[in-house]
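The block underneath contains the structure these notes are about, expressed in structure tokens.
Just so you know, these numbers come straight off a predicted model, no measurement behind them. By convention in this document, chain letters (A, B, ...) are assigned in the order of the sequence lines, proteins followed by strands, and residues within each chain are numbered from 1. We use all heavy atoms of the structure for the numbers below, so side chains are in, but hydrogens, waters and symmetry mates are not.
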Amino acid sequence: MANFILRKAEPKDVSDILRLIKELAKYEEMEDQVILTEKELLEDGFGEHPFYHCVVAEVPKEQQSSEGHTVVGFAMYYFTYDPWIGKLLYLEDFYVMKEYRGYGMGSEILKKLSHTAVKTRCSSMHFIVAEWNKPSIEFYKRRGASDLSSEEGWRLFKIDKQYLVKMSSEE
Amino acid sequence: MNYTVRDSTPGDCKDIMRLIVDLAEYEKMPNEVKLSHKELEADGFSSNPFFKCLVAEVPEEFKSKEGHTIVGYGFYFFTYCTWKGRVVYLEDLYVMPEFRGKGIGKALMSRIAQIGRAQGCVRMQFTVLDWNKPSLDFYSSQGAVNLTATEGWQLLRFEGEALEKLAQNAN
């Protein structure tokens, strides 16, 4: 079983995309953190100013999953900017359902994205990986990725809504 | 001392570039800056901007030793979190040493937080070098959480040859 196509996501895919987002979050042991809704995904990805782009992997009906799904993998990305080198492609989420792994889908998705990056004149593709996620880290390193947290000491930070509100009102 | 925080204009790109190089020097990586102010202008001020930038400006009578009135900047863009939605990403935040201690950094950051909230962003995200204690302390005081430390996220990238290699044979 190796039949699959990669295509740009369409508005009708948002329910599948959310399903896969939740599966990936479950794998990352943070399933209860997903509060995004299909409505927001639709508005944010397919409105006038998309906040993200998405590629999905689809299998023919005869190869649908045990629960009847044909969209079995996805990658979500957007463009960011490095003031030192210019445009970057940022890979936000990248996931293939367990029963469809080992057929080269992940590799094909990554190739497609890197092709997009090169085509749009991005200097680099960036993404984050949890340090305990050895299979993924190995997958990326085998393909030439460098770990900037180890090599250069970059640490990822966040400031949540309540502090943003506080900061906005203190100005 | 008086200062204003405002949206940058194409005419500010030379100053922004100057400050980008200053910040890169502080981060001990000045040779990594390959971008020109012309590219910055094209990428930030077209109909599809890849970033936004605020600048902090002082009146003529308070200009820097070298005669500059643009003394700080906050460089940001919008990204996406598949769990929660829209995010404002703070790419660069910098104030010239002689203008520090006057609340300019905080003012730049607060305005970006405000803009983020107005766009429906649920959080602000950014990276900091692990040795940069003054910045780590500043961000901590504003409510920032180190996700690399608390959740183990590592920042990775594919660039140059590795990116090209990955892109070959894409379907």
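When the candidates Arg157(B), Arg123(B), Met124(B), Lys28(B) are compared by the number of heavy-atom contacts under 4.5 Å with chain A, Arg157(B) comes out ahead. Looking only at heavy-atom pairs under 4.5 Å with chain B, the residue among Ala25(A), Ser124(A), Cys122(A), Ala117(A) that has the most is Ser124(A). Note: Leu147(B) leads Asn132(B), Leu147(B), Ile112(B) in heavy-atom pairs under 4.5 Å with chain A. Contact count against chain A (heavy-atom pairs under 4.5 Å) is highest for Leu129(B) among Thr127(B), Leu90(B), Leu129(B). With chain B as partner, the option from Met30(A), His49(A), Glu40(A), Lys22(A) having the largest number of non-hydrogen pairs under 4.5 angstrom is Met30(A). Most heavy-atom pairs under 4.5 Å with chain B: of the set Leu24(A), Val118(A), Asp44(A), Leu41(A), this distinction falls to Asp44(A).
Taken to the nearest 0.5 Å, the CD atom of Glu131(A) stands 5.0 Å off from the CD atom of Gln154(B). To the nearest 0.5 Å, the span separating CG on Leu156(A) from OG1 on Thr148(B) amounts to 5.0 Å. Put simply, CZ on Phe50(B) and CZ on Phe79(A) are 6.5 Å apart, with the number rounded to the nearest 0.5 Å. Taking CH2 of Trp153(B) as the start and CD1 of Ile128(A) as the end, the distance is 5.0 Å to the nearest 0.5 Å. One distance of note links CZ of Phe51(B) with OG1 of Thr80(A); it measures 12.5 Å at 0.5 Å rounding. The line from CD of Glu28(A) to CD of Glu151(B) is 10.0 Å long, rounded to the nearest 0.5 Å.
Residues Val87(B) and Phe127(A) do not share a hydrophobic cluster, clusters being chains of Ile/Leu/Val/Met/Phe/Trp/Tyr side chains in contact below 4.5 Å. Both Tyr27(A) and Ile109(A) sit in one connected hydrophobic cluster of ILVMFWY residues. Membership requires side-chain heavy atoms under 4.5 Å apart, directly or through other members. In the hydrophobic clustering of this structure, Met29(B) groups with Leu93(B); members are Ile, Leu, Val, Met, Phe, Trp, Tyr whose side-chain heavy atoms approach within less than 4.5 Å, directly or through other members. Under the 4.5 Å side-chain heavy-atom criterion for ILVMFWY residues, no single connected hydrophobic cluster contains both Val122(B) and Val88(B). Tyr100(A) is connected to Val56(A) through a chain of hydrophobic side-chain contacts under 4.5 Å among Ile, Leu, Val, Met, Phe, Trp and Tyr, so both are in one cluster.
The interface of residues 86-94 of chain A with chain B, defined by heavy-atom distances below 4.5 Å, comprises Gly86(A), Lys87(A), Glu92(A), Asp93(A). Within residues 15-25 of chain B, the residues having any heavy atom less than 4.5 Å from a heavy atom of chain A are, in residue-number order, Met17(B), Ile20(B), Ala24(B). Residues of residues 144-151 of chain A lying under 4.5 angstrom from chain B, judged on non-hydrogen atoms, are Gly144(A), Ala145(A), Ser146(A), Asp147(A), Leu148(A), Ser149(A), Ser150(A) by number. Within residues 56-86 of chain B, the residues having any heavy atom under 4.5 Å from a heavy atom of chain A are, by residue number, Phe75(B), Phe77(B), Phe78(B), Thr79(B), Tyr80(B), Cys81(B), Thr82(B), Trp83(B), Lys84(B), Gly85(B), Arg86(B).
Heavy atoms closer than 4.5 Å to chain A are found in the side chain of Leu136(B), but not in its backbone. Within the 4.5 angstrom heavy-atom criterion, only side-chain atoms of Asp92(B), from C-beta onward, approach chain A. Only the side chain of Tyr78(A) comes within contact range of chain B, with at least one heavy atom under 4.5 Å from a heavy atom of that chain.
The local environment of CD in Glu67(A) is sparse, with at most 12 non-hydrogen atoms from other residues, nucleotides or ligands closer than 6.0 Å. By the 6.0 Å contact criterion, NZ on Lys34(B) is enclosed, its count of non-hydrogen atoms from other residues, nucleotides or ligands being greater than 12.
Using a 4.5 Å heavy-atom threshold, the side chains of Asn31(B) and Trp84(A) count as separate.
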